[in-house]
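Input: a single structure, listed below in structure tokens.
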Amino acid sequence: MTPILFGLQAPVVVSLGTALGYFILIMLVIQRRGWSEWPLRTMILYLALSVLLSVGLSLTLWLGLRSDVPQIGERLAADLLTASAPLVVALTLMFVSRPGAKWVALVGLFWLGFVIAVDFNLFGLQQAILGTLPAAATDPMKPLRAAGWAGFSAGTLMLILVDFLQTRRPLHRNRILFWLLGLLFLLLGELLMWLDKAAFMVDVNQIGVVLRFSGAVILTIAMISYHLPVLRTVTRQLLSGTLTTLFIGGLIFLGIMTVLTVAQQEVTLGALVAAVTTAIVLGAVIHPLRLLIARLIERVVYSGRYNPARALRDYGDAINNIVDLNTLSTVAVGIIAEALDVRRGSLMLINQRESQPVIDVVIMEGMGALTLQVAEFSQTSPIVHYLTEGAKPLTQYEIDILPEYRPAPIPERYWLHSLEMEVYVPIRDKENLVGIFAFGRKESGEPYSTQDLDVLMTVANQTTVVLQNARLVSDLRTANTSITQLNAELTESNRRLEKLDKAKTDFIEIASHELRTPLTQVRGYSDILADMVQQGGFVAAHMNQISQGITRASVRLEQIISAMLDVSRIDAQALDIRTAAISVAAAVKMAVDNYKEAIRDRKMNVQVVDLDGLPPVQGDLQRLCQAFGNLMGNAIKFTPDGGNIIVSGRTLEDSSNGRSQRFVEVMFADMGIGIDAADQKLIFEKFYRVGTVELHSTGTTKFKGAGPGLGLPIAKGVIQAHGGKIWVESAGHDETRLPGSTFHIVLPVAMPPASGSTGPLRGKVS
Ligand code: ADP
């Protein structure tokens, strides 16, 4: 006998009730979240189909029970059930933010079309398809529909299970678990709805309708609300509530049984005394017993709980005297991590940038494999805004799920996500965010409880002053280091300036000396000529000597003046270079030949080796000869009589920048007095000469002979104008051990001649 409710059969009322329920759910979705997003629209569509399904079912039951009207309602209901299965897959995909929902919906549409085609026997499909499936008594289409439904439902369950297993973050897991729970109810309900109720004692179809609706309620809640109850905690609370009730209930039951036994159904004085005693005993023990049981259950069920008051006291004691940022970070993170049982945590420092709307978040040393790095956050980012407000910690779950964090820049969200932290606790100094504590998931896999978050907030507040102190100390240390460094740089540049200043003063002395010497010679010769005129006799041999002397002196004057002009051209980057493919060997040979006499006079041993096989370079023969000559002159000048000088060369290859380039290297190695490391760069500065200026020796090729300090700057200018490099290597200055010096010149090899390859080329000297 079917029970009657409100004058209708109970199943009809249940179906109509669920139809109303689904409708309320639709209203709830729209009121809470609107319908602007696809997951919400799909949910609404799904619920709307469910309304139709329930109405269809109630029609079927109502009309079907009273008359022989065709079972349109049942057919409609079955089609809707068929259509909703792929929708559940699509919804689940959207819920876990996976792609493919559109495709599933498309497949679902095809499936529905196919089922309807078979149902209406289009193209004679019914015989072709249904003949292959087991026959069902009432509805021949049932096996086909049920098979499709089962396929889609199995797919949904697989999908959500895989996602659940892949997710490690507790709150994200809880959200998926919630959906899974809803799905289980929903699919179990639908399964019961497919069954033939005649085969069972109870109306399984009706139970199915109710279960399906409960599942839909859970799914709707999961879809529209962000803060879902933590299922683990709810289960625990249920468990501990049930256990406590059972214990206390058992005790009361024992008490009543005792009284009944004593009374033996008569109200005697003994029974009364027993009842009063039992009541007093129960009254006295129930409260402490309840507490005891609750504590016992707490200990068994919530193992690993910590004592917040003690944790906070320990924390305060440990960090109060720390003044070093790194120590603060490791100690603070370590203590909190131990109390909360987490293995990953870090202190992040916030550095405000002056007059820029961004802040730098710097990860300090902490726990777990952390990459110490800096990230840039916008000050207008909702994440930064929330943390600066500093009311409560922010969880990664909230950043991932809540719509208010969606406008945060993608790199910020991605960076935070990649840190594998669960919670971010702001550390604030008045209105400013100065740091963030970040902690990973708990070892127990539980999410952070409200109490945990409160403790973390208190800890962060306790840290503010210590953190600010440590930052001050760190800033002072950095300032100290940079002052020391600046001091060192200042001393160095002072030393350099002093040397250059001395070089300039020396130059005036040197230049006047260098210029005066040939001038004095010219003057001397002109005096001799005057004397000769006075005495009235010109001796041809004397005249020859005098004219040679005057020529030598003026050549020297010319050399000095042209060196000064060259240096000023180099300074003005106006050195004219006329390039052509030239042989380096020829340039060196010309340069060495100019010193033939000096080499002979000073009995030097000069060897020129390995130059003939060198490739030609694109260069100015005159200028390169000048540069090589200056090096040769120095080698002779700073090597004692009879010393060795070797000029050699080689070809170099460089393919470091992707394409192969060839260079020619020429080396002038002497066995002379050498150059101190400190002077090796300075000698290329104009007017710089090592040591005290010697004015007594005027010979340009004599040992340690004088010079205006322009030879090397000119050589450097010429080589650089050819795109080359020049430097010196020497083991130091020592006039007895004679460590020698080697000057290296590297020139790029000539490129294949382009059109108009020879012509003036303005040299660039840097
Ligand atoms: P100068 O015209 O006085 O030779 P340079 O510019 O050619 O000036 O050289 C500057 C200084 O570098 C020289 O005074 C000398 O002290 C040092 N120097 C140059 N070449 C050598 C060398 N081959 N061995 C030792 N010292 C050298």
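Indexing begins at 1, ligand by ligand and atom by atom, following the structure's order. Everything numeric in this text was worked out from a predicted model, so none of it was measured. Reckoned from all heavy atoms, side chains included, excluding hydrogens, waters and symmetry mates.
Every atom of ligand 1 with a heavy atom of Ile675 under 4.0 Å away is listed here by number and element: 21 (C), 25 (C), 26 (N), 27 (C). Annotation for ligand 1: atoms under 4.0 Å from non-hydrogen atoms of Gly711 are 2 (O), 5 (P), 6 (O), 7 (O), 8 (O). Those atoms of ligand 1 with a heavy atom of Gly674 less than 4.0 angstrom away are 25 (C).
Ligand 1 has at least one atom lying under 4.0 Å from a heavy atom of Pro713. For Phe668, the closest heavy-atom approach to ligand 1 does not fall below 4.0 Å. Residue contact check for ligand 1: Asn630 places no non-hydrogen atom closer than 4.0 Å to it. Residue-ligand proximity: Ser730 is placed with every non-hydrogen atom at 4.0 Å or more from ligand 1.
A distance-only check finds no donor-acceptor pair linking the side chain of Asn605 to the backbone of Asn644 [under 3.5 Å]. Of the possible polar contacts, none joining the Asp676 side chain to the Asp679 backbone as a donor-acceptor pair under 3.5 Å is found. Between the Tyr595 side chain and the Ile636 main chain, no donor and acceptor come within less than 3.5 Å of each other.
With contacts defined as side-chain heavy-atom distances shorter than 4.5 Å, the pair Met543/Leu529 qualifies. For the pair Ile582/Val584, no side-chain contact is recorded, criterion being any heavy-atom separation below 4.5 Å from C-beta on.
Proximity of Phe684 to ligand 1, defined as any heavy-atom pair under 4.0 Å, is not found for any part of the residue. Only the side chain of Asp670 comes within 4.0 Å of ligand 1, judged by heavy-atom distances. Counting heavy atoms closer than 4.0 Å to ligand 1, residue Leu712 contributes atoms from both its backbone and its side chain.
Distance check: Ile714 CD1 to Arg569 CZ gives 10.0 Å after rounding to the nearest 0.5 Å.
Closest heavy-atom approach to atom 4 (O) of ligand 1 within the set Lys637, Lys716, Met632: this belongs to Lys637.
Phe668 and Phe628 have tilted rings, their planes meeting at an angle from 30° to 60° on a 0 to 90° scale.
Taking the six-membered ring where the residue is Trp, the centroids of Trp415 and Phe377 are separated by under 6.0 Å.
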